[in-house]
Amino acid sequence: MLRCKSVFALLAVVIAALMLGACAGDIATPVPVTPLASAERAHLQISDITAEAKPGVVMTSFELTRIVERVRAEIGAQFPTVLVDASTAPSGGTCKMQILFSQYDRGNSFARFMIAGAGQIHIDADVLLIDAQSGQLLAKYQVSKQFAFGGVYGASTKIEDVEEGSTRSVAEILREKKT
């Protein structure tokens, strides 16, 4: 009877770990707050990408720059016609992407090593697409990426690994969803 309880307890821990965590580089589906219209998406051109941390969120300028470059590279690889040079882009029809981080938590690698679900890495951001000429908001999405695996995998995963999944999620905003 005691052995059976131990098996069930172990099974519960494994299931909880699988539910709490995802691979660091996996894409998390962006949540549309104000979605981009299909017509706008078809002709979308981004002339600038910026990132900033909301008050209370601790991020260095190096981290913000690294994330912007990763987003630029991901969008360039998946959607090569979307990124345009602001100086050569036609007037009108371009937008700027602004990433506003509301959470950037590096977590605790020792806690992740000891217990799956503890010491989570967590990145949350609002992604705004703003008309480059008028400054009008075209679309707003929320992107959230978490990592909570335990053991050696959890302990060896860094926030930079989770940023990969987060930047892929930002690029996913530009993909046309088939319904």
Side-chain angles (χ1 to χ4, degrees), residues 20-107 120-148 157-179:
L20 285 173
C23 289
D26 284 352
I27 296 173
T29 304
V31 177
V33 176
T34 307
L36 193 61
S38 293
E40 292 171 328
R41 185 184 315 274
H43 297 62
L44 186 69
Q45 293 188 310
I46 299 174
S47 62
D48 191 24
I49 301 174
T50 60
E52 63 183 71
K54 290 184 177 180
V57 178
V58 179
M59 293 180 77
T60 66
S61 60
F62 176 76
E63 289 166 330
L64 292 167
T65 301
R66 178 180 63 226
I67 292 170
V68 165
E69 291 307 313
R70 282 183 156 187
V71 168
R72 189 181 311 279
E74 192 66 38
I75 291 172
Q78 290 189 40
F79 310 98
T81 60
V82 171
L83 293 177
V84 295
D85 184 358
S87 63
T88 61
S91 61
T94 63
C95 71
K96 297 179 179 186
M97 178 182 279
Q98 184 177 26
I99 306 167
L100 301 172
F101 288 93
S102 55
Q103 187 168 10
Y104 189 81
D105 186 356
R106 291 162 188 79
Q120 285 189 25
I121 297 172
H122 200 109
I123 301 173
D124 284 340
D126 292 330
V127 180
L128 310 175
L129 294 172
I130 301 165
D131 184 276
Q133 206 164 24
S134 69
Q136 178 184 354
L137 179 68
L138 301 174
K140 178 179 179 180
Y141 292 83
Q142 292 176 333
V143 176
S144 182
K145 184 68 180 141
Q146 301 168 38
F147 180 83
T157 300
K158 307 232 178 313
I159 196 155
E160 291 86 351
D161 302 320
V162 179
E163 284 175 8
E164 179 184 336
S166 183
T167 58
R168 292 174 66 205
S169 297
V170 171
E172 189 68 14
I173 290 169
L174 305 178
R175 189 171 312 284
E176 183 71 41
K177 301 291 184 228
K178 306 294 184 211
T179 55

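Numbers here are sequence positions counted from 1. Side chains included, hydrogens not; waters and symmetry mates left out as well; all remaining heavy atoms used. Since the structure is predicted, the reported quantities are computational estimates derived from the model, not experimental observations.
At a cut-off of 3.5 Å, with distance as the only test, no side-chain donor of Gln78 or Glu172 sits close to an acceptor on the other residue.
A distance of 10.5 Å separates CD in Gln142 from CD1 in Ile173, rounded to the nearest 0.5 Å. Taken to the nearest 0.5 Å, the CG atom of Leu129 stands 6.0 Å off from the CG atom of Leu36. Taking CG of Asp85 as the start and CD of Gln45 as the end, the distance is 11.5 Å to the nearest 0.5 Å. One distance of note links CD of Gln103 with NZ of Lys54; it measures 11.5 Å at 0.5 Å rounding. Residue Lys96 holds its NZ atom at 8.0 Å from OG1 of Thr50, rounded to the nearest 0.5 Å. To the nearest 0.5 angstrom, Ile49 atom CD1 is 14.0 Å from Arg70 atom CZ.
Looking at heavy atoms from C-beta onward, Ile67 lies out of side-chain contact with Val170 at the 4.5 angstrom threshold. Looking only at side-chain heavy atoms (C-beta outward), Ile46 and Cys95 come within less than 4.5 Å of each other. Within the 4.5 Å cutoff, the side chain of Leu83 has heavy atoms near those of the Arg72 side chain.
Qualifying side-chain hydrogen bond (donor to acceptor under 3.5 Å, both in side chains) partners for Ser144, counting only residues two or more places apart in sequence or in other chains: Asp124. Residues satisfying the side-chain hydrogen bond (donor to acceptor under 3.5 Å, both in side chains) test with Ser61, not counting sequence neighbours, are none. Evaluation of the side-chain hydrogen bond (donor to acceptor under 3.5 Å, both in side chains) rule for Thr81 yields no partner, not counting sequence neighbours.
Heavy atoms only, all atoms of each residue included: Ala125 and Phe101 are closest at CB-CD2, 3.8 Å. Between Gln98 and Leu100, the shortest heavy-atom contact is NE2-CD2, 3.7 Å. Counting all heavy atoms, side chain and backbone alike, Pro35 lies closest to Tyr141 at CA-OH, 3.5 Å. Taking every heavy atom of both residues into account, Thr167 and Glu74 meet most closely at O-CG, 4.1 Å. The two residues Ile123 and Ser166 make their nearest non-hydrogen contact at CG2-OG, 3.8 Å.
For the pairing with Ile99, the side chain to side chain contact (heavy atoms under 4.5 Å, CB included) check across Val71, Leu128, Asp126, Leu64 returns one residue only, Val71.
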